[in-house]
Amino acid sequence: MKRFPESFRSATLFEVGCGYLVLSRYKSDGRVEAGFFLLDVFCLGVKDAGFCRFTDFADFEKSLLDPLFREDGRERMMPGAGRKLAEEAVAYARSLGFAPGADYKKASRVFGGISTADCSEQFDFGKDGKPFYIQGPSDSPERREWILRALETRCGEGGFQFIVASECGDSESADEAASEPAQSRTGTGWNADALREMARQVRTERPELDIRISPTGRPKLSDRLAEVAGPWLERMPDPESGSAVLLLAALAWNFSLSSPAVSQQFLDAILGILPEPELQEMFLFTAARRALLYPDEDRIICKVETDPAAEGRYALRVMSLSLRTIPASETLRVPADRSPLSRCEPVEVA
């Protein structure tokens with residue numbers, strides 16, 4: 001007899017904040033398909049995920065269930081409740097600016113045929129009504145600082161809790177931690193010669209423009225673009241993929257600054273050339289992330305140049321201009337059109 005879908009979660013998930021969720025469905029010949037999710041119900045939602053196939057239930061239990069739940073034990077859930085838990089964890093994390101793990105879409109195949117319509121179970125995320133970030137063993141200091149900065153931007157001072165590892169390896173609580181703003185997770189290599197060359201090329205083509213290189217007192221737009229694209233950059237397997245992500249992030253950045261009169265037209269055009277649902281989600285999420293992290297930013301991006309740099313960083317150069325000096329009807333024209341540049345000075349390269 002064919003087994004019905006099943007769902008299991010770590011017994012201590014909501015006490016310690018982190019644990020596993022597994023949903024499984026069964027074929028008529030006994031084969032098992034399972035999606036597993038590493039959950040952080042206090043803050044980050046689905047941190048990791050995967051989709052596996054097994055020859056039978058014994059193989060499934062020995063290869064997946066027993067290893068995942070060996071320490072904390074497992075608790076059975078209704079399948080609809082398991083799906084609801086995963087989806088609501090993702091929604092909670094997204095409200096804070098965090099995307100689910102790279103293989104979440106693949107793992108969510110197991111949701112097929114499982115409905116949440118009749119699920120009355122309620123889940124509480126965060127701790128004591130606030131996001132609570134606990135630095136995991138795989139979270140680098142750079143990623144830790146990026147997460148803290150995103151939480152500070154979204155929740156404000158005192159609006160979240162955290163426990164992180166200090167440089168010497170000891171735990172540091174929110175009450176003991178320094179209150180200095182966190183820095184960007186994704187590093188961008190800075191090359192003065194490359195910036196000057198970028199400015200020189202623009203001046204050659206448009207000698208009437210006032211080109212300013214990293215003007216004093218202005219945050220570098222290249223750093224801000226890298227931070228907005230950070231969750232996706234971390235998953236890219238090679239520099240070429242990272243460069244493509246940064247270019248897509250620049251489009252999403254400009255879209256998020258568009259006027260209502262042109263935003264739908266731009267969105268239709270972008271989604272038309274991004275047929276894959278994953279790329280569409282990346283675009284829309286990045287646009288929302290720009291608005292969340294930098295709501296007062298008024299510069300649009302005219303040109304992006306990237307080169308791979310040391311230690312997984314990117315040498316990123318951005319040419320930008322202020323949105324306030326461009327007619328609303330022209331804010332989304334591509335740089336090749338040049339009409340926005342003819343009305344806007346100065347142009348920044350950083």
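Atoms considered below: every heavy atom in the structure, side chains included; atoms not considered: hydrogens, waters and symmetry mates. This chain uses plain numbering: 1 for the first residue, then up along the sequence. Predicted, not measured: the structure shown is a model, and the values here were computed from it.
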- Item | Results of salt bridge (charged side-chain N to carboxylate O under 4.0 Å, His left out) for D29 - residues two or more places apart only | R31

- Query: Is any side-chain heavy atom of R143 less than 4.5 Å from a side-chain heavy atom of I147?
  - Reply: yes

- Message: Just so I know, are the side chains of V16 and S10 near enough to count as touching, which here means a heavy-atom distance under 4.5 Å?
- Response: no

- Task: For E197 and R317, run side-chain contact (heavy atoms from CB on, under 4.5 Å): C-alpha distance rounded to whole Å, both residues' side-chain angles, the deciding distance at 0.1 Å, then the answer.
- Result: CA-CA 11 Å; E197 175 60 21; R317 299 175 293 279; over 6 Å; no

- Would V46 and L38 satisfy side-chain contact (heavy atoms from CB on, under 4.5 Å), going step by step from the backbone distance to the final call? CA-CA 6 Å; V46 175; L38 174 59; over 6 Å; no

- Does any non-hydrogen side-chain atom of C43 lie less than 4.5 Å from one of I134? no

- Between S256 and R290, which heavy-atom pair has the shortest distance, and what is it? OG-NE, 2.8 Å

- Query: Residues two or more places apart in sequence or in another chain: which of them pass ring pair (Phe, Tyr, Trp, His ring centres under 6.0 Å) with Y26?
  - Reply: none

- Note on the structure: Applying side chain to side chain contact (heavy atoms under 4.5 Å, CB included) to T55 and not counting sequence neighbours gives D59

- Query: Can you tell me if Q135 uses its side chain to pair, donor with acceptor, with the backbone of R144 under 3.5 Å?
  - Reply: no

- For L246 and A226 the tightest heavy-atom approach is CD2-CA, 4.3 Å

- Task: Go through Q201 and K303 one step at a time and tell me if the side-chain contact (heavy atoms from CB on, under 4.5 Å) criterion holds.
- Result: CA-CA 12 Å; Q201 292 176 4; K303 186 176 183 180; 3.8 Å; yes

- Message: Grouping I, L, V, M, F, W and Y whenever their side-chain heavy atoms are under 4.5 Å apart, do L13 and V22 come out in a common cluster?
- Response: no

- Which value, rounded to the nearest 0.5 Å, describes the distance between F36 atom CZ and L65 atom CG? 11.5 Å

- Message: So, using side-chain hydrogen bond (donor to acceptor under 3.5 Å, both in side chains) as the criterion, who are the partners of Y294 when residues are at least two apart?
- Response: R149, E227

- Task: Indicate the atoms forming the closest heavy-atom contact of V318 with S222, along with that distance.
- Result: CG2-CA, 3.8 Å

- Is the distance between the ring centroids of F255 and F283 under 6.0 Å? yes

- Could you tell me the separation between the CD1 atom of I301 and the CG atom of L321, rounded to the nearest 0.5 Å? 10.5 Å

- With sequence neighbours excluded, residues passing side-chain hydrogen bond (donor to acceptor under 3.5 Å, both in side chains) with R289: none

- Query: What pairs of residues pass the salt bridge (charged side-chain N to carboxylate O under 4.0 Å, His left out) test when at least one of them lies in residues 106-120, not counting sequence neighbours?
  - Reply: none

- Does one hydrophobic cluster hold both F51 and L39, with members joined at side-chain heavy-atom distances below 4.5 Å? yes

- Message: If I take atom CD1 from residue I273 and atom CG from residue L251, how far apart are they, to the nearest 0.5 angstrom?
- Response: 7.0 Å

- Any side-chain heavy atom of I163 sitting closer than 4.5 Å to one from F132? yes

- Item | Partners passing ring pair (Phe, Tyr, Trp, His ring centres under 6.0 Å) against Y20 (at least two apart in sequence or in another chain) | none

- Query: CG of L225 to CZ of R299: how many Å apart, nearest 0.5 Å?
  - Reply: 11.0 Å

- Query: With side chains defined as the heavy atoms from C-beta onward, is the minimum distance between V41 and F123 less than 4.5 Å?
  - Reply: no

Let me check something: any side-chain donor-acceptor pairs from residues 67-85 under 3.5 Å, sequence neighbours excluded? List them with distances.
{"from": "R74", "atom 1": "NH2", "to": "E61", "atom 2": "OE2", "distance (Å)": "2.9"}
{"from": "E75", "atom 1": "OE2", "to": "R9", "atom 2": "NH2", "distance (Å)": "2.8"}
{"from": "R76", "atom 1": "NH1", "to": "E6", "atom 2": "OE2", "distance (Å)": "2.6"}
{"from": "R83", "atom 1": "NE", "to": "E87", "atom 2": "OE2", "distance (Å)": "2.8"}
{"from": "R83", "atom 1": "NH1", "to": "F111", "atom 2": "O", "distance (Å)": "3.3"}
{"from": "R83", "atom 1": "NH1", "to": "I114", "atom 2": "O", "distance (Å)": "2.7"}
{"from": "R83", "atom 1": "NH2", "to": "E87", "atom 2": "OE2", "distance (Å)": "3.3"}
{"from": "K84", "atom 1": "NZ", "to": "E121", "atom 2": "O", "distance (Å)": "2.7"}

- Note on the structure: F57 meets the ring pair (Phe, Tyr, Trp, His ring centres under 6.0 Å) criterion, sequence neighbours left out, with F60

- Note on the structure: salt bridge (charged side-chain N to carboxylate O under 4.0 Å, His left out) pairs touching residues 35-53, sequence neighbours excluded, are E33-R53

- Name the one of F162, F42, F160, F98 that satisfies side chain to side chain contact (heavy atoms under 4.5 Å, CB included) with Y133? F162

- Message: So, taking the atom named CG in L284 and the one named CG in L279, what distance separates them when rounded to the nearest 0.5 Å?
- Response: 11.0 Å

- Message: Does any part of the side chain of D56, heavy atoms only, come nearer than 4.5 Å to the side chain of V32, both counted from C-beta?
- Response: no

- Query: Can you tell if the side chain of S7 reaches within under 4.5 Å of the side chain of L21, non-hydrogen atoms only?
  - Reply: yes

- Item | For R154, all residues meeting side-chain hydrogen bond (donor to acceptor under 3.5 Å, both in side chains), sequence neighbours excluded | none

- Message: Give me the atom names and distance for the closest heavy-atom approach of A107 to F37.
- Response: CB-CE2, 3.6 Å

- Item | side-chain hydrogen bond (donor to acceptor under 3.5 Å, both in side chains) partners for T286, two or more places apart | W232

- Message: If you count heavy atoms of other groups shown closer than 6.0 angstrom to CG of D66, is the number above 12?
- Response: yes

- Query: Which atoms form the tightest heavy-atom contact between W253 and L221, and what is the distance?
  - Reply: CZ2-CD1, 3.3 Å

- Closest non-hydrogen contact found for C155 with L96 is SG-CD2, 3.9 Å

- Rounded to the nearest 0.5 Å, how far apart are OG of S320 and CD1 of I300? 9.0 Å

